[in-house]
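Below is one structure; the comments refer to it alone.
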Amino acid sequence: MLHVTNGDSAARTLRETGLEGDVLAWRDALHEGPVPNVPRRELLAARAAFLGVPASQLEERDTRLVEAERVVLWFEHDLYDQLQLLDVLSLRADVELIVVGASLGPMSAEQLEALWPQRVPASAEVVAAAAEAWDAVRAPEPTGLLRGVPQLPFLGPALRRFLEELPSTHDGLSRTERAALQTMGEFGAAQALEEAPFLGDTWFWRTLDELRPLLEDESLRRAVLAGEADRVELLGIDRWIGGTHVTPENLWRWDGARPVRTR
C-alpha cells in the first residue's frame, strides 16, 4: 500500500502511525509556474526546470504511484492540495480518497489514524470530473476554471482562488500580491487573510522580490492599493496560471467575477 500526501510534514506523521504501507509526498506547488497541456514527460520536464530539481525525481515519483498495488490519497481543501489531487488522479484512477477541510500537517499520528475510516474509493464520476478540471487547469486560457465540480466539493473554491492570482482589472495585483502590500510583507498576517491558506513561505518571498519597488516606495504602494496606479504597467508581468502564460502581450486579468483578456 502507498499513502500519497501533500508534503513532508504530513508524510512524516503518516510514517509514525500504525497504518501499513509506504508514504509518498507529492512535492509540487502547481499553483506556481507552468503547467501546460503537453505529454507527461514534457510536463515533468517543465515542472522540474521551474522547481530546480532533476526531471528523474518527478519521473520516479510518478512510477511509484503507478506501480503501487494499493493507493490511498490524503489531501486537504486548499489550492495547493486540490491541484495535486487532480495531478495524481490523472495518473491513477483506482485509488481511495481521504480529503478533508483542515490542514493535515499539524495533525498528530492519532488524529491521522482517526481519519482512516473516512476513506472512500474514487468513483468513476469523481475521476471523470477531475480529468475535466485538470484539462481546464492546463488550458492556454483560464476560462474553464469557473466550472463547478460537485463531485469534488473543495475544488470549485480552490480553482476560483487560483483565478484570483491573475492580475486584477482594478490595480494589476494578484490577491497574494495585494495581501503582501497590505501587510508590508508580513507572511503570517498575509496568510491570515486567506480562507484556506495554501502558500508556502518560499513562494511568498518570491512574490515580495517581484514587488520590491512598490514596498520600497510608500507613495507608489499606496497608489497601487488605491487603484490609482497599475502593478502590471509599472512592473510588467510574466506569470503562469496553470497552462495560461500571462504576459503583457497575453494579458488575462481577473475582474472579480471572471477572467478577461485585456490585451
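Computed from a predicted model, the values in this text were never measured in an experiment.
No path of Ile, Leu, Val, Met, Phe, Trp and Tyr side chains, each step under 4.5 Å between heavy atoms, connects V127 with W26, placing them in separate hydrophobic clusters. Under the 4.5 Å side-chain heavy-atom criterion for grouping Ile, Leu, Val, Met, Phe, Trp and Tyr, L208 is not connected to L193 through any hydrophobic cluster. Following chains of ILVMFWY side-chain contacts shorter than 4.5 Å, one can reach L24 starting from F75, so the two form part of one hydrophobic cluster.
When side chains are defined from C-beta on, L166 does not count as touching S174, because their heavy atoms never get closer than 4.5 Å. Contact check for P140 versus N37: no side-chain heavy atoms found under the 4.5 Å cut-off. Residues P142 and L163 are in side-chain contact: their nearest non-hydrogen atoms beyond the backbone lie under 4.5 Å apart. Residues R138 and V38 are not in side-chain contact: their nearest non-hydrogen atoms beyond the backbone lie 4.5 Å or more apart. Put simply, the side chain of L159 reaches to within 4.5 Å of the side chain of L83, judged on heavy atoms. Residues P167 and V246 have side chains in contact (heavy-atom distance under 4.5 Å, counting atoms from C-beta outward). Using a 4.5 Å heavy-atom threshold, the side chains of E165 and E177 count as separate.
A salt bridge is absent between R206 and D209: the closest approach of a Lys/Arg side-chain nitrogen to an acidic carboxylate oxygen does not fall below 4.0 angstrom. The pair R178-E164 does not meet the salt-bridge criterion, since no charged nitrogen lies less than 4.0 angstrom from a carboxylate oxygen. Salt-bridge annotation for E32 and R239: absent, with no side-chain N of the basic residue lying under 4.0 Å from a carboxylate O of the acidic one.
The side-chain contact (heavy atoms from CB on, under 4.5 Å) check on L220 picks up L214, D217, L234, with sequence neighbours excluded. Residues passing the side-chain contact (heavy atoms from CB on, under 4.5 Å) test with T202: none are found, sequence neighbours excluded. Scanning for ring pair (Phe, Tyr, Trp, His ring centres under 6.0 Å) contacts around F198 gives H31, with sequence neighbours left out. With sequence neighbours excluded, no residue satisfies ring pair (Phe, Tyr, Trp, His ring centres under 6.0 Å) with H170. Checked against side-chain contact (heavy atoms from CB on, under 4.5 Å), R258 has the following partners two or more places apart in sequence or in another chain: L146, D255, V260. For F204, the ring pair (Phe, Tyr, Trp, His ring centres under 6.0 Å) partners at least two apart in sequence or on another chain are F187. Considering only residues two or more places apart in sequence or on other chains, R147 meets the side-chain contact (heavy atoms from CB on, under 4.5 Å) condition with E132. Annotation: ring pair (Phe, Tyr, Trp, His ring centres under 6.0 Å) contacts of W134 (sequence neighbours excluded): none.
Between the side chain of T17 and the backbone N or O of T13, no donor-acceptor pair lies under 3.5 Å. In this structure, the side chain of D171 does not engage the main chain of G227 through any donor-acceptor pair within 3.5 Å. Checking side-chain atoms of R47 against main-chain N and O of A29 turns up a donor-acceptor pair under 3.5 Å. Under the 3.5 Å distance criterion, the side-chain polar atoms of T262 are matched with a main-chain donor or acceptor of L251. One N or O on the side chain of Q111 and one on the backbone of S108 form a donor-acceptor pair closer than 3.5 Å.
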Is there a salt bridge (Lys or Arg N to Asp or Glu O under 4.0 Å) between D87 and R92? Walk through the geometry before answering. CA-CA 9 Å; D87 191 19; R92 182 79 185 247; over 6 Å; no
List the steps and the verdict of salt bridge (Lys or Arg N to Asp or Glu O under 4.0 Å) for E194 and R175. CA-CA 9 Å; E194 296 282 351; R175 180 171 167 180; 3.7 Å; yes
Walk me through whether R40 and E59 qualify under salt bridge (Lys or Arg N to Asp or Glu O under 4.0 Å). CA-CA 9 Å; R40 187 69 184 180; E59 292 169 357; over 6 Å; no
Test log, rule side-chain contact (heavy atoms from CB on, under 4.5 Å), inputs D94 and R70: CA-CA 8 Å; D94 57 327; R70 180 185 177 191; over 6 Å; no
Step by step, work out the side-chain contact (heavy atoms from CB on, under 4.5 Å) result for L225 and Q182. CA-CA 8 Å; L225 285 174; Q182 289 172 338; 3.9 Å; yes
For a side-chain contact (heavy atoms from CB on, under 4.5 Å) check, start with the C-alpha distance between Q82 and E76, then their side-chain angles and the critical distance, and finish with the verdict. CA-CA 7 Å; Q82 291 294 299; E76 302 168 16; over 6 Å; no
Between E218 and R222, does the salt bridge (Lys or Arg N to Asp or Glu O under 4.0 Å) criterion hold? Intermediate values first, please. CA-CA 6 Å; E218 179 63 15; R222 289 182 180 275; 2.7 Å; yes
Determine, step by step, whether V126 and L152 satisfy the side-chain contact (heavy atoms from CB on, under 4.5 Å) criterion, reporting the C-alpha distance in whole Å, the side-chain angles of both residues, the deciding distance to 0.1 Å, and the verdict. CA-CA 7 Å; V126 164; L152 295 164; 3.7 Å; yes
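Under the side-chain hydrogen bond (donor to acceptor under 3.5 Å, both in side chains) criterion, no residue pair touches residues 49-58, with sequence neighbours excluded. Residues in residues 1-25 take part in these salt bridge (charged side-chain N to carboxylate O under 4.0 Å, His left out) pairs, two or more places apart or across chains: D8-R27. Screening residues 212-248 for ring-ring contact (aromatic ring centres under 6.0 Å, His included) gives W240-H245 as the qualifying pairs, with residues at least two apart or on separate chains.
Counting all heavy atoms, side chain and backbone alike, Q191 lies closest to P197 at NE2-CB, 3.6 Å. Nearest heavy-atom pair across A122 and A93 is CB-O, 3.8 Å. Among all heavy-atom pairs drawn from L181 and R221, the shortest one is O-NH1, 2.7 Å. Nearest heavy-atom pair, H77 versus A158, reported as atom, atom and distance to 0.1 Å: O-CB, 4.2 Å. Among all heavy-atom pairs drawn from Q118 and A114, the shortest one is NE2-O, 4.4 Å. When every heavy atom of A48 is checked against every heavy atom of L58, the shortest pair comes out as N-CD1, 3.8 Å.
Rounded to the nearest 0.5 Å, atoms CD (E195) and CG (L79) are 12.0 Å apart. Within the model, atoms CG of L173 and CG of L211 stand 7.0 Å from one another, a figure rounded to the nearest 0.5 Å. Distance check, rounded to the nearest 0.5 Å: CZ of R261 to OG1 of T143 gives 11.5 Å. The CG atom of D78 sits 4.5 Å away from atom CG of D81, with the distance rounded to the nearest 0.5 Å.
Considering V4, L97, L155, N6 in turn, L97 is the only one that fulfils the side-chain contact (heavy atoms from CB on, under 4.5 Å) rule with L85.
Ring orientation note: the planes of W203 and F50 are close to parallel, at an angle under 30° on the 30°/60° scale.
The hydrophobic cluster around V72 extends to M1, L14, L19, V23, W74, I98, V100, L104, M107, L112, L115, W116, counting ILVMFWY residues whose side-chain heavy atoms fall within less than 4.5 Å of a member.
A donor and an acceptor atom, one from each side chain of Q84 and D28, are nowhere located under 3.5 Å apart. A donor-acceptor contact closer than 3.5 angstrom links the side chains of T176 and R161.
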